[in-house]
Colleague: 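Before I ask anything, let me first share the structure, which is written out below as structure tokens.
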Amino acid sequence: MYGFEALTFNIHGGYLEAIVRGHRSGLLTASDYNNLCQCETLDDIKMHLSATEYGPYLQNEPSPLHTTTVVEKCTLKLVDEYKHMLCQATEPLSTFLEYITYGYMIDNVVLIVTGTLHERDVQELLEKCHPLGMFDSIATLAVAQNMRELYRLVLVDTPLAPYFSECITSEDLDDMNIEIMRNTLYKAYLEDFYNFCQKLGGATAEIMSDLLAFEADRRAVNITINSIGTELTRDDRRKLYSNFGLLYPYGHEELAISEDIDQVRAVMEKYPPYQSIFAKISYGESQMLDKAFYEEEVKRLCLAFEQQFHYAVFFAYMRLREQEIRNLMWISECVAQNQKSRIHDSVVFIF
Amino acid sequence: MEDDDRCSSNNPGGIEQEEEDEDGTVLRFLDSLDSYLTLLDALSSTLRQGWFELASARHSMGSSCISSVLLDQKVRSAATTFQVGKSIDGSPSESHPSFAISKWASSRDGKCSFGEMEVSHVQKTSKNSELRHRGSSNFYDTTEEHDLRINASSTIGDGDVQKERSKSLSVFGTLVSPKLRAAQVSFETALDAIVEIANIRSSMLCAFTQLQQEMKEKGLG
């Protein structure tokens, strides 16, 4: 049930909603992607991007360009836009914007811990961290030997602290424990974000519920497919699924016992919103599943801009920019590897 | 000259035998060269496929999950070892170096590894193959069929091999995308191809050396 957001939203959120809608109009269009797909070298890509909003970020990069450089510079643009919006935001929008970055924080924590386990240099690891997920004491993560120390020494003072209650053990960190920690943290984060949006109410709650439920369901499918043939038990797999979403709880029970992609398909086809996704891929094949999920996500994110006076536009914009950066990374890789015929395997057009 | 004529007329079988041996050497050389070029094509396409699958995996899992900074720098025993030996084709003077790999060596306990069986079967296939078309990877299409048959008969090693594969991928996490596993298989196939190329090259150079020697002797005689 919506309140009278139209009367009061613009007092605190009007400027930033206008800013984010302006940023949205700067997203690359189908004609931009068609030009990029015809490039022969990464320098051609740089030349085409110089006419877009990415121009100032790439213009000073020396040749020969590398695909990781393209991704880094495009990410810097997203970070600058986010930081501008965050410093202008008031409560509760500022908390909402901070929630968007907790996923990156989790990825950075896992990167540092895994790299330290593999005896890599901390500075090298810090350079690879996502800028949106940085926090002050991140370098201290390298000192921890188990999750209890990880929490006690570093994470207790970060926004991730409440998510650790489910996975604190004294077991030493190893590859399996780190993977379970990553997924448990992300599960707790999604549930917390979902509850926060419900408390906000109105259009924000309605639209964000749909977007976060889709995210939770997609994660459940990916966890299932990636864990097929591994040592992860059915119970452990079930524990990694979020406690909300369209698949909760009966779909999760069936996914937990699935042993191949066709069984996953049989579970998902019982849910009408996901029938169209699995209709695009053939039996026994999972290569195009990622693209099908991204296309569905982009469709839902674009629909968020059809309504005004809610915070979901900020979330939608961040995710659409991430998709755009993924597209640019893919196009760059295909051009660099001379695989231009495969470019359309994974590019998802936004407009 | 008359002595030569008398020799040739007295020993026509010996000359024919020499010519047959020479033809055999030429055929062996040409056969090795054909296999070598075919395998080079197959290697190139397999590596291309592997790099593409790695890019797909990075696109699916994210750049932070698949990155060179996650590679393990701890010292550990190698999962795959490489052996150099001597192979003898025919007479002892025709020996040449031969190469073999033992994949997933840590899974073995005194029994033949899955990797060794696979490479030896590939070697037999390369010797018995009919005419092939270059520029396609149908050599390894055939090998995949053999792999399936080996898979069916070597179920003892399968679970161990899968475990070793998962272990080597665990640097990127335990729940990795199927695309990353596909990339691993492609690079493994490429490694087999490289060893096979080394063996065929060795055999080809040996045949070429013999051919040169025979032509030299004929020229002096």
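In what follows, every chain begins at residue 1, and chains take the letters A, B, ... in the order their sequences are listed.
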Colleague: Any donor and acceptor pair, going by atom type alone, linking the side chain of B:R181 with main-chain N or O of A:N226 inside 3.5 Å?
Modeller: yes
Colleague: Checking A:L240 against chain B: side chain, backbone, both or neither under 4.5 Å from a heavy atom?
Modeller: side chain
Colleague: Can any side-chain N or O of B:R48 pair as donor or acceptor with the backbone N or O of A:N338 at less than 3.5 Å?
Modeller: yes
Colleague: For B:S68, is there any backbone N or O sitting under 3.5 Å from a side-chain donor or acceptor partner on A:R120?
Modeller: yes
Colleague: Is there side-chain contact between A:E333 and B:H59, with at least one heavy-atom pair below 4.5 Å?
Modeller: no
Colleague: State, yes or no, whether a side-chain contact exists between A:R182 and B:C65 at a heavy-atom distance under 4.5 Å.
Modeller: yes
Colleague: Are any of the side-chain heavy atoms of A:T230 and B:T174 separated by less than 4.5 Å?
Modeller: no
Colleague: If you measure from CZ on B:F52 to CD on A:Q337, what distance do you get to the nearest 0.5 Å?
Modeller: 7.5 Å
Colleague: Where does A:C334 contact chain B at under 4.5 Å (heavy atoms): side chain, backbone, both or neither?
Modeller: side chain
Colleague: Between B:P178 and A:I225, which heavy-atom pair has the shortest distance, and what is it?
Modeller: CG-CG2, 3.7 Å
Colleague: Around atom CZ of A:R218, are there more than 12 heavy atoms of other residues, nucleotides or ligands at under 6.0 Å?
Modeller: yes
Colleague: Between A:E179 and B:F172, is any pair of side-chain heavy atoms under 4.5 Å apart?
Modeller: no
Colleague: Flag the one option from A:E124, A:Q339, A:R326 with the top tally of heavy-atom pairs under 4.5 Å to chain B.
Modeller: A:Q339
Colleague: Would you indicate whether the side-chain heavy atoms of B:D72 and A:E119 approach each other to under 4.5 Å?
Modeller: no
Colleague: Atom NZ of residue position A:K128 - does it have more than 12 heavy atoms of other residues, nucleotides or ligands inside 6.0 Å?
Modeller: no
Colleague: Answer with side chain, backbone, both or neither: which region of A:N108 has an atom nearer than 4.5 Å to a non-hydrogen atom of chain B?
Modeller: neither
Colleague: Check whether B:V69 gets within reach of chain A through its side chain, its backbone, both or neither, counting any heavy atom under 4.5 Å.
Modeller: both
Colleague: How far apart are the closest heavy atoms of B:S56 and A:W330, and which atoms are they?
Modeller: OG-CH2, 3.4 Å
Colleague: Need one label for A:I178: side chain, backbone, both or neither, based on atoms under 4.5 Å from any heavy atom in chain B.
Modeller: neither
Colleague: Quick check: do B:S63 and A:T68 have side-chain heavy atoms less than 4.5 Å from each other?
Modeller: no
Colleague: Does the pair A:D290 and B:S60 meet the rule for a side-chain hydrogen bond (donor to acceptor under 3.5 Å, both in side chains), with working shown?
Modeller: CA-CA 7 Å; A:D290 283 330; B:S60 172; 2.6 Å; yes
Colleague: Side chain, backbone, both or neither: which part of B:L180 has a heavy atom under 4.5 Å from chain A?
Modeller: neither
Colleague: Below 4.5 Å, heavy atoms only, C-beta onward: do B:S64 and A:Y104 meet side chain to side chain?
Modeller: no
Colleague: Who among A:V71, A:D107, A:L117 has the most heavy-atom pairs with chain B under 4.5 Å?
Modeller: A:L117
Colleague: How long is the straight-line distance from CG of B:L175 back to CZ of A:R237, given to the nearest 0.5 Å?
Modeller: 9.0 Å
Colleague: Which of the residues B:S177, B:G62, B:S67, B:S166 is involved in the greatest number of heavy-atom pairs with chain A at under 4.5 angstrom?
Modeller: B:S177
